[in-house]
Amino acid sequence: TAAEMLLLQVDMLAYADGCNPPSLVIGAGVPAAWRGHRLRVRGLPTRLGPDSWEWDEAAKRMAVSLSGFGCPLRLGPAFPAETRLEVESR
């Protein structure tokens with residue numbers, strides 16, 4: 001259905017996994033080919049609260065801003081292991 005398709009598109013950008021405590025997984029569905037571009041997501045709703053993130057390929061930096069409670073973060077497989085992760089909790 002259209003609703004399921006929309007949920008899949010949101011989850012590709014960020015989702016809360018089923019672990020206890022839950023982790024926020026950033027960009028799990030982002031194709032590696034997109035990584036060469038600047039990517040920005042603002043106010044994306046997740047069950048952990050809205051989040052925003054920005055990928056900077058040149059700096060190999062992921063900046064994440066969380067509006068809910070603090071939680072562990074993981075990056076999707078398209079992002080390099082050496083990615084610098086900057087987190088701001090609001």
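When all heavy atoms of L24 and A16 are compared, the closest pair comes out as CD1-N, 4.2 Å. Heavy-atom minimum distance, P72 versus P22: CD-O, 3.4 Å. Considering all non-hydrogen atoms of both residues, T46 and A14 come closest at CG2-O, 4.1 Å. The shortest non-hydrogen separation linking A28 to P77 is O-CD, 3.8 Å. Nearest heavy-atom pair across S52 and G43 is OG-N, 2.9 Å.
Note: E57 CD to H37 NE2 = 9.5 Å, rounded to the nearest 0.5 Å. Summarising the geometry, atom CG belonging to D17 is positioned 11.5 Å from atom CG belonging to D11; distances are rounded to the nearest 0.5 Å. Going from atom CD of E54 over to atom OG of S65 covers 11.0 Å, rounded to the nearest 0.5 Å.
Under the 4.5 Å side-chain criterion, counting only non-hydrogen atoms from C-beta, P31 is in contact with M12. L48 is not listed as a side-chain neighbour of L66, based on a closest heavy-atom distance of 4.5 Å or more.
Test L73, I26, L13 against D51 for side chain to side chain contact (heavy atoms under 4.5 Å, CB included) and you get one pass: I26.
Under the 4.5 Å side-chain heavy-atom criterion for grouping Ile, Leu, Val, Met, Phe, Trp and Tyr, L7 is not connected to Y15 through any hydrophobic cluster. In the hydrophobic cluster analysis, where Ile, Leu, Val, Met, Phe, Trp and Tyr join through side-chain heavy atoms closer than 4.5 angstrom, L44 is grouped together with L75. In the hydrophobic clustering of ILVMFWY residues, with side-chain heavy atoms under 4.5 Å counting as a link, L39 and V87 come out together. Both W34 and V10 sit in one connected hydrophobic cluster of ILVMFWY residues. Membership requires side-chain heavy atoms under 4.5 Å apart, directly or through other members.
Of the possible polar contacts, none joining the W53 side chain to the M62 backbone as a donor-acceptor pair under 3.5 Å is found. In this structure a side-chain-to-backbone donor-acceptor pair under 3.5 Å is missing from R61 to D56.
With respect to the salt-bridge test (charged N to carboxylate O, under 4.0 angstrom), the residues K60 and E82 do not qualify.
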